Amino acid sequence: NHNTNNPRGALIVLEGLDRCGKTSQSSRLFSYLEGLGHSVESCRFPDRTTSVGQMISSYLSNESQLDDHTIHLLFSANRWEKRSLMEAKLRSGTTLIVDRYSYSGVAFSSAKGLDIEWCKAPEIGLLAPDLVVYLDITPEKAAERGGYGAERYEKLEFQKKVAQSYYSLHDASWKIIDATLPIEDIEKQLQEVALDCVKKCQKGKSISLLWP
Ligand code: TMP
């Protein structure tokens with residue numbers, strides 16, 4: 001058991017469809033928390049810098065083909081390879097803002113037709129987020145935002161299925177923010193829920209594991 005006098009950081013996860021605005025909101029939240037004097041870092045999944053991440057990246061850009069189960073397990077492995085580092089950072093007091101996590105893993109793979117329980121299984125034992133924020137946008141609206149890039153999943157029909165998967169995956173603990181609001185309004189809502197979460201973790205909320 002670790003020394004609890006040292007307040008721990010919070011694990012904050014942002015989720016949503018492609019082009020929902022997660023990436024720019026996570027950098028705004030980073031600046032906000034840092035500006036308040038918190039120790040904070042941001043990261044994203046997939047982390048394309050590792051060798052597993054490079055396999056994922058080449059799959060996403062259609063340079064390689066993989067069985068649906070195989071790519072699912074690679075996405076999960078990519079989180080497992082960061083798990084101990086993430087735990088160490090949280091325990092040392094650093095708050096982590098994470099752009100996509102296990103929910104993306106389950107939502108995208110189950111949208112292909114894989115069994116949801118099978119998809120959830122390899123995530124068991126990863127760190128559970130202290131806060132999941134879902135930036136809510138319809139697939140149609142997301143597609144209007146300058147269109148999708150060339151990556152494998154950036155297609156309207158597929159994003160519709162992902163939206164349904166996210167919907168069946170979410171629970172009452174998720175903070176759902178309307179991603180079509182003005183950027184500053186989203187930013188403010190995010191700041192509120194994130195700060196509240198950081199404070200709870202500082203006050204001793206314990207780290208839990210997936211799936212709580
Ligand atoms: P990115 O655009 O946020 O880098 O994510 C790349 C794509 O990978 C995105 O379409 C979501 C998808 N994805 C999965 O299918 N499974 C996962 O576990 C993660 C983290 C992302």
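What you see is a predicted model, and the numbers here were worked out from it, not measured in a lab. Note that ligands are numbered from 1 as they come in the structure, with each ligand's atoms numbered from 1 the same way.
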Output, or 'none' if empty, a list of ligand 1-protein atom pairs in which both atoms are N or O and the distance is under 3.5 Å, rounded to 0.1 Å.
| unit_1 | atom_1 | unit_2 | atom_2 | d |
| --- | --- | --- | --- | --- |
| ligand 1 | 3 (O) | R44 | NH2 | 3.2 |
| ligand 1 | 3 (O) | R100 | NE | 2.9 |
| ligand 1 | 4 (O) | R48 | NH2 | 3.0 |
| ligand 1 | 10 (O) | D18 | OD1 | 3.3 |
| ligand 1 | 10 (O) | D18 | OD2 | 3.0 |
| ligand 1 | 18 (O) | R79 | NH1 | 2.8 |
| ligand 1 | 18 (O) | R79 | NH2 | 3.1 |
| ligand 1 | 18 (O) | G105 | N | 3.3 |

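- Within the structure, salt bridge (charged side-chain N to carboxylate O under 4.0 Å, His left out) contacts touching residues 101-118 (residues at least two apart or in different chains) are D68-K112.
- Y103 and W211 have perpendicular rings, their planes meeting at more than 60° on a 0 to 90° scale where under 30° would count as parallel.
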| task | Report the C-alpha distance between E87 and R83 in whole Å, list the side-chain angles of each, state the deciding distance to 0.1 Å, and finish with yes or no for salt bridge (charged side-chain N to carboxylate O under 4.0 Å, His left out). | result | CA-CA 6 Å; E87 181 171 357; R83 187 201 181 285; 2.7 Å; yes
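- Using the six-membered ring where Trp is involved, Y166 and W174 have ring planes that are perpendicular, over 60° apart on the 30 and 60° scheme.
- More than 12 heavy atoms of other shown residues, nucleotides or ligands fall within 6.0 angstrom of atom CD in E81.
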Test salt bridge (charged side-chain N to carboxylate O under 4.0 Å, His left out) on K141 and D136 and set out the steps.
CA-CA 10 Å; K141 280 245 170 73; D136 192 20; over 6 Å; no
